[in-house]
Amino acid sequence: MISNSEVASHLAELARLATLEEGSSNAFRVRAYETAARTVELLDTPVADMSAKELAALRGVGPSTAAKIRELVDTGRMARLEELRVMFPAAFVELTRIPGVGPKTAVMLRDELHINDVEGLKAALDAQLLRGLPGMGAKTEENIRTAVERLGIGGKERRTPIQDALAVARDVVAALSAVPGVIRVEPMGSLRRFRETIGDIDVIVVSTGDPEDVMRRFVDLPVVREVVGYGARKSAVLSASGMQIDLRVMEPSQFGAAAIYFTGSKAHNIRLRQMAIERGWILNEYALAESEGGAVIASDTEERVYAALGLPWIPTEIREDTGEIEAALASELPDLVADKHLRGDLHVHTSLSGDGQESLEKMLAACAARGYAYVAITDHGEDLTINGATRQQLLAQRRRVAKLQDQYPDMTILQGAELNIGPDGSVDYDPEFLAGLDFGVASVHSSFTLDRTNQTARVIAAMRNPAVNVIGHLTGRRIGHRPGIDLDVDAVLSAAEETGCALEINGHLDRLDAPADVLRHARERDVVFSIDSDAHDTRELANVANAVRNARRGWVERKRVVNTWTAKQFVRWVEGTRGG
DNA sequence: GCCGTTTTCGGCCCGACTGTTTTCAGTCG
């Protein structure tokens, strides 16, 4: 049976190719396909089980798209998509990845110069054929030549892991904060929404001084390799690593409208602007204002702009037009977990792990300093041969923990381990030894290439193990480096409901695992989570803030997170899950 | 292609920048 995400990716491709046919990504047909793709992607009911009539009742899906979905489900094909694939082969579509080449230009290049791929474009550039086309001159030709040469480093679809983008953004923010007159510098866009990968870094500078000072300072930053746009209030540059950084300078009174606008997502903003129009208003990056006369209704804070539209402030992580507007209108926004709710950390390493950097004593002191009511010390199990702790080492640690517990009357210390889930679902040590531990996190650290059936079976077997309270970094992915293991997410969520085993939300920026889309799908299920740092030194304990933001993206509510519970509730859950 | 307390047709989000044009089209976000 075809999955919803496969159907959604067909619809997304339909939108991409329709862009070429329509000549614009803003064409209504294109937007309709995009909306339909988003709706299907997020739906919990399999579309394969739905009638055309039921499909057409979904938001953004009408009779035409419903028929296309049914056709795909029934025949495995979508005739319209196949026609478009013939009209626009992949090598031709590749042309639109070049910055500056949109659908109109690509089609003109083919119609006028018979260019069908990037190689053909290069030849035409060498022959200086582009400058003879309508609306094109030598300058445009040169711009396209430059863009082709750096395809792969600055292409439109290039995305950077959030870990790398955050580092670049931090430097830009620090440098621009020092410019005279600047009172505020904030990263916006997908960085503020905390997506796993970032396209461009968007930054707003609020300044009471001369905006041109900010712009000059911006394009002179050491990180800047090339200036790709330069205006009085808006500029764009490419960083040394090829990331695009967009900068806007705004007045203090515009900050709220600007923050909403530049945070996005685009789909979220479109919904807000539609709501503004219904009221006879207009919403842009400067203000929410009356269409007639332009009297400003709200602009200085996000809260005021949302409130004027009849909405509560919407958390940045869920601004994707995937149901948050409807929830806000119905006063049913989720009670998202926040940093201040955390009462403990359930995945902490010490120097007993080969890759742990600091002593048990230091890690506990740092946890206590964070105000935790409980903590689980979870060094690697022995099956991780280069990093794991032996039984003797764990027993010795257990005695040390017992002594240290006296120093922390307000913090319950659980001594456990991060167990390794073997390819067959077994974990380290033997059941008798494991029963002597207080807590168990079980994680996949090997055999990443098993098929879905086997991966799913091993994870579920670990969940059913009475020594396991939490499944660590569910998919094992490393963002930008390694894909996650192939899992039947539905089956895993069912096992989590059945066993009470928590799914970890890991705070390492290259993990953010379980991924937000998995968390979102767990929303309708009776699943609990743990928000963990997976710290290997005291500094990394702060990683929980990353996990919190990823949890919020996945609509995870406070009540679902076991380490927001009181010590009493938490210990009851631990005891309930241990021993099955 | 979708949608409707302006409902079955006529709308559909908004603006900066660039390069090419003397008023605008294309691209981008």
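Sequence lines set the chain letters: A, B, ... in the order given, protein chains first and strands last, and positions in each chain run from 1.
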With a 4.0 Å cut-off on heavy atoms, is [X] in touch with a base, just the backbone sugar-phosphate, or nothing at all?
{"X": "A/Tyr261", "value": "base"}
{"X": "A/Leu14", "value": "nothing"}
{"X": "A/Ala258", "value": "nothing"}
{"X": "A/Val61", "value": "sugar-phosphate"}
{"X": "A/Lys266", "value": "base"}
{"X": "A/Ala287", "value": "nothing"}
{"X": "A/Arg233", "value": "sugar-phosphate"}
{"X": "A/Leu272", "value": "nothing"}

Does [X] pair with [Y] as a salt bridge, N-O distance under 4.0 Å?
{"X": "A/Arg319", "Y": "A/Glu302", "answer": "yes"}
{"X": "A/Glu320", "Y": "A/Arg271", "answer": "no"}
{"X": "A/Glu82", "Y": "A/Arg77", "answer": "yes"}
{"X": "A/Glu317", "Y": "A/Arg552", "answer": "yes"}

Roughly how many Å apart are [M] and [N], using the [atom1] atom of each and rounding to a whole number?
{"N": "B/dT18", "M": "B/dC12", "atom1": "C1'", "value": "27 Å"}
{"N": "B/dT20", "M": "B/dC14", "atom1": "C1'", "value": "23 Å"}
{"N": "B/dG10", "M": "B/dT6", "atom1": "C1'", "value": "11 Å"}
{"N": "B/dG11", "M": "B/dA16", "atom1": "P", "value": "25 Å"}
{"N": "B/dG15", "M": "B/dT22", "atom1": "P", "value": "24 Å"}
{"N": "B/dA25", "M": "B/dT21", "atom1": "C1'", "value": "9 Å"}

query: Is A/Phe28 stacked on the base of B/dC12, with ring centres under 5.5 Å apart and planes under 30° apart?
result: yes
Is the phosphate of [N], meaning OP1 or OP2, less than 4.0 Å from a side-chain N or O of [X]?
{"X": "A/Tyr286", "N": "B/dA16", "value": "yes"}
{"X": "A/Thr105", "N": "B/dT27", "value": "yes"}
{"X": "A/Thr65", "N": "B/dC2", "value": "yes"}
{"X": "A/Asn143", "N": "B/dT18", "value": "no"}
{"X": "A/Ser25", "N": "B/dC28", "value": "no"}
{"X": "A/Lys234", "N": "B/dC17", "value": "no"}

Could you give the [atom1]-to-[atom2] distance, from [X] to [N], as a whole number of Å?
{"X": "A/Ile98", "N": "B/dT27", "atom1": "CD1", "atom2": "P", "answer": "12 Å"}
{"X": "A/Arg59", "N": "B/dC2", "atom1": "CZ", "atom2": "C1'", "answer": "11 Å"}
{"X": "A/Glu142", "N": "B/dT18", "atom1": "CD", "atom2": "C1'", "answer": "15 Å"}
{"X": "A/Arg248", "N": "B/dC17", "atom1": "CZ", "atom2": "C1'", "answer": "10 Å"}
{"X": "A/Leu130", "N": "B/dT20", "atom1": "CG", "atom2": "C1'", "answer": "14 Å"}
{"X": "A/Leu247", "N": "B/dA16", "atom1": "CG", "atom2": "C1'", "answer": "13 Å"}
{"X": "A/Asp246", "N": "B/dC17", "atom1": "CG", "atom2": "C1'", "answer": "11 Å"}
{"X": "A/Arg31", "N": "B/dG11", "atom1": "CZ", "atom2": "C1'", "answer": "11 Å"}

statement: 5' to 3', nucleotides 4-10 of chain B under a 4.0 Å protein heavy-atom cut-off (B base, S sugar-phosphate only, - none) gives -------
- request: Could I get the full list of salt bridge (charged side-chain N to carboxylate O under 4.0 Å, His left out) partners for A/Glu34, not counting sequence neighbours?
  value: none
query: Within 45 degrees of the axis of the six-membered ring of A/Phe262 and under 6.0 Å from its centre: does A/Arg248 put its NZ or CZ there?
result: no
Of the options [options], whose atoms approach the side-chain atoms of [X] most closely?
{"X": "A/Lys139", "options": "B/dT20, B/dC14, B/dG29", "answer": "B/dT20"}
{"X": "A/Ala32", "options": "B/dG1, B/dC14, B/dT27", "answer": "B/dG1"}
{"X": "A/Pro99", "options": "B/dC28, B/dC14, B/dC12", "answer": "B/dC28"}
{"X": "A/Ser64", "options": "B/dT20, B/dC2, B/dG29", "answer": "B/dC2"}
{"X": "A/Lys104", "options": "B/dT27, B/dT20, B/dC2", "answer": "B/dT27"}
{"X": "A/Pro63", "options": "B/dC14, B/dC12, B/dC2", "answer": "B/dC2"}

task: Using only heavy-atom distances, determine whether the side chains of A/Thr39 and A/Arg59 contain a donor-acceptor pair under 3.5 Å.
output: no
- request: Determine whether the side chains of A/Ser253 and A/Asp300 contain a donor N or O and an acceptor N or O closer than 3.5 Å.
  value: no
Over 12 non-hydrogen atoms of neighbours within 6.0 angstrom of CZ in A/Arg304: no
- prompt: Does B/dT8 pair with anything, Watson-Crick or G-U wobble, both distances under 3.5 Å, and if so, with which nucleotide?
  reply: none
- line: By side chain to side chain donor-acceptor pair (under 3.5 Å), A/Arg170 pairs with (sequence neighbours left out) none
statement: Ranking A/Ile270 and A/Gly137 by the position along DNA chain B of their nearest nucleotide, the one closer to 5' is A/Ile270
